[in-house]
Amino acid sequence: MNISTRQQDIVAVIRRQGFMTVEALSGCFSVTPQTIRRDINELCAANLLRRRHGGAEYLDPPLINLSYESRRITRVEAKRAIGAHVARLIPDHASVSFGIGTTPEFVARALTDHEDLTVVTNNLNIAMLLSASRPNRIVVPGGTVRFPDRDLLGPDVVDMFHDYRVDFGIFGIGGIDPDGTLVDFDRAEVLARTALRESCRTAILVADISKCARLAPARGGHLGEADIIVLDETPPDAFLPLFRQAGIAERLHLAQGDLS
């Protein structure tokens with residue numbers, strides 16, 4: 001399933017408002033109520049919205065992440081821009097570690113034309129994507145695959161990242177707290193992310209701005225520990241003091257409109 005630009009905008013509007021009626025959405029997007037109802041049905045099926053009488057509300061369980069496929073089709077243009085921006089920072093013949101999540105996958109998609117990469121990852125979506133280019137070398141850990149995300153977590157993953165010293169480490173996060181604390185949905189995710197960050201020469205955090213103030217239970221690391229921070233656009237006002245701090249401001253890259 002893929003969602004249209006209008007459907008992405010519907011999710012964004014309802015996320016800001018919390019709830020909107022079919023009639024209000026119809027007027028906002030200048031389409032019929034029947035069209036809005038079809039959009040809501042599809043977005044509810046993707047676990048992005050929840051029906052309420054007369055309309056829909058935003059679905060964002062604070063301690064449960066959305067499915068990988070649902071995250072893959074949300075904020076697509078933002079993730080593509082981030083991917084394009086990061087791809088310009090990485091030369092051919094580089095060694096790159098990738099963490100789990102859909103934003104690192106979009107970075108990998110932007111790297112498919114690069115040559116002779118050494119890739120270390122616990123994200124099987126990325127491993128399969130970049131293995132299509134024969135000169136690339138792909139390193140993955142042992143262990144049990146976590147479905148439906150198609151990734152691996154645990155001690156073998158931590159050991160794998162620590163066994164390599166790569167040029168670039170690409171990692172996403174579940175959320176960013178206003179004080180810069182990084183959070184994820186599972187302690188094992190935090191441990192894998194930390195090992196990746198500690199085992200690269202340049203650590204690149206990639207996140208769209210929906211991650212600002214997104215709740216997740218497992219904490220670990222701080223925004224300032226990344227060498228490069230790539231967001232899709234300017235952070236929300238509540239986060240501007242954080243991103244203007246010395247040690248963070250000079251590391252921030254905005255990828256808005258960075259698509260060729």
Side-chain angles (χ1 to χ4, degrees), residues 8 11-12 15-16 18 48 58-68 70-72 74-86 89 97-107 122-123 149 151 153 161 168-198 200 202-256 258:
Q8 293 180 48
V11 172
R15 186 175 189 272
R16 290 194 298 269
L48 299 176
Y58 187 68
L59 181 62
D60 188 15
L63 302 181
I64 302 174
N65 204 1
L66 295 174
S67 72
Y68 197 92
S70 294
R71 285 179 280 137
R72 234 180 194 163
T74 58
R75 299 191 60 81
V76 170
E77 289 307 310
K79 293 173 183 178
R80 283 178 180 158
I82 291 169
H85 186 94
V86 175
L89 303 177
S97 287
F98 287 93
I100 64 174
T102 58
T103 307
E105 182 184 347
F106 273 82
V107 176
N122 59 330
N123 187 331
D149 289 30
D151 58 31
L153 293 171
F161 284 132
F168 300 92
I170 313 296
F171 65 95
I173 36 81
I176 306 171
D177 281 353
D179 65 355
T181 298
L182 304 181
V183 294
D184 273 302
F185 291 89
D186 188 291
R187 182 62 183 163
E189 295 176 350
V190 172
L191 294 175
R193 168 166 55 77
T194 301
L196 183 156
R197 179 183 56 77
E198 293 174 344
C200 62
T202 301
I204 304 177
L205 187 157
V206 293
D208 68 79
I209 61 167
S210 72
K211 300 299 178 67
C212 291
R214 188 181 185 207
L215 299 177
R219 61 178 292 174
H222 188 273
L223 188 68
E225 295 172 343
D227 299 302
I228 297 173
I229 304 159
V230 184
L231 305 183
D232 55 313
E233 57 184 85
T234 304
D237 289 346
F239 280 76
L240 290 180
L242 169 66
F243 282 93
R244 287 171 177 162
Q245 289 179 15
I248 293 179
E250 60 269 27
R251 304 178 189 185
L252 177 61
H253 293 212
L254 299 181
Q256 190 173 37
D258 202 0

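All heavy atoms count here, side chains included; hydrogens, waters and symmetry mates do not.
- Atoms CZ and CG, from F185 and L215 in turn, are 8.5 Å apart once rounded to the nearest 0.5 Å.
- E189 has its side chain within reach of I100: a pair of non-hydrogen atoms, C-beta onward, lies under 4.5 Å apart.
- With rounding to the nearest 0.5 angstrom, the CG atom of D177 is 13.5 Å from the NZ atom of K211.
- Inter-residue side-chain proximity for F106 and V76 is flagged as met; some heavy-atom pair is nearer than 4.5 Å.
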Enumerate, atom names and distances included, each donor-acceptor pair closer than 3.5 Å involving a side-chain atom of residues 238-245, sequence neighbours excluded.
none

Hey, mind stepping through D232 and R75 against side-chain contact (heavy atoms from CB on, under 4.5 Å) and telling me if it holds? CA-CA 10 Å; D232 55 313; R75 299 191 60 81; 2.5 Å; yes
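- Shown here are the salt bridge (charged side-chain N to carboxylate O under 4.0 Å, His left out) partners of E198, two or more places apart in sequence or in another chain: there are none.
- Side-chain atoms of D149 never come within 3.5 Å of backbone atoms of D151 as a donor-acceptor pair (strictly under, hydrogens ignored).
- In this structure, L205 and I228 have side chains that are not in contact, with every pair of non-hydrogen atoms separated by 4.5 Å or more.
- Closest heavy-atom contact between A203 and F171: CB-CE2, 4.0 Å.
- In terms of heavy atoms, C212 sits closest to P236 at SG-CD, 3.9 Å.
- In this structure, S97 and C200 have side chains that are not in contact, with every pair of non-hydrogen atoms separated by 4.5 Å or more.
- Side-chain contact between R193 and I173 is present, with heavy atoms from C-beta onward closer than 4.5 Å.
- Using a 4.5 Å cut-off on side-chain heavy atoms (C-beta onward), V86 and V206 make contact.
- In this structure, I204 and F168 have side chains that are in contact, with non-hydrogen atoms separated by less than 4.5 Å.
- Open room surrounds CG on D237; 12 or fewer heavy atoms of other groups in view lie less than 6.0 Å from it.
- Closest approach of N122 and A192 over heavy atoms only: ND2-CB, 4.2 Å.
- Atom CZ of residue F98 and atom CD1 of residue I170 lie 5.5 Å apart, to the nearest 0.5 angstrom.
- From T234, atom OG1 reaches atom CD1 of I209 across 8.0 Å, with rounding to the nearest 0.5 Å.
- Taken to the nearest 0.5 Å, the CZ atom of R197 stands 8.5 Å off from the CG atom of L182.
- Ion pairing of D227 with R251 is absent here, as no side-chain N (NZ or NE/NH1/NH2) approaches a carboxylate O to less than 4.0 Å.
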Can you list the steps and then say if I176 with H222 is a side-chain contact (heavy atoms from CB on, under 4.5 Å)? CA-CA 9 Å; I176 306 171; H222 188 273; over 6 Å; no
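- No side-chain donor-acceptor contact under 3.5 Å links D184 to the backbone of D186.
- In terms of heavy atoms, V230 sits closest to A255 at CG1-CB, 4.1 Å.
- Here the side chains of L231 and H253 are not in contact, with every heavy-atom distance at 4.5 Å or above.
- One distance of note links CD of E105 with NZ of K79; it measures 9.0 Å at 0.5 Å rounding.
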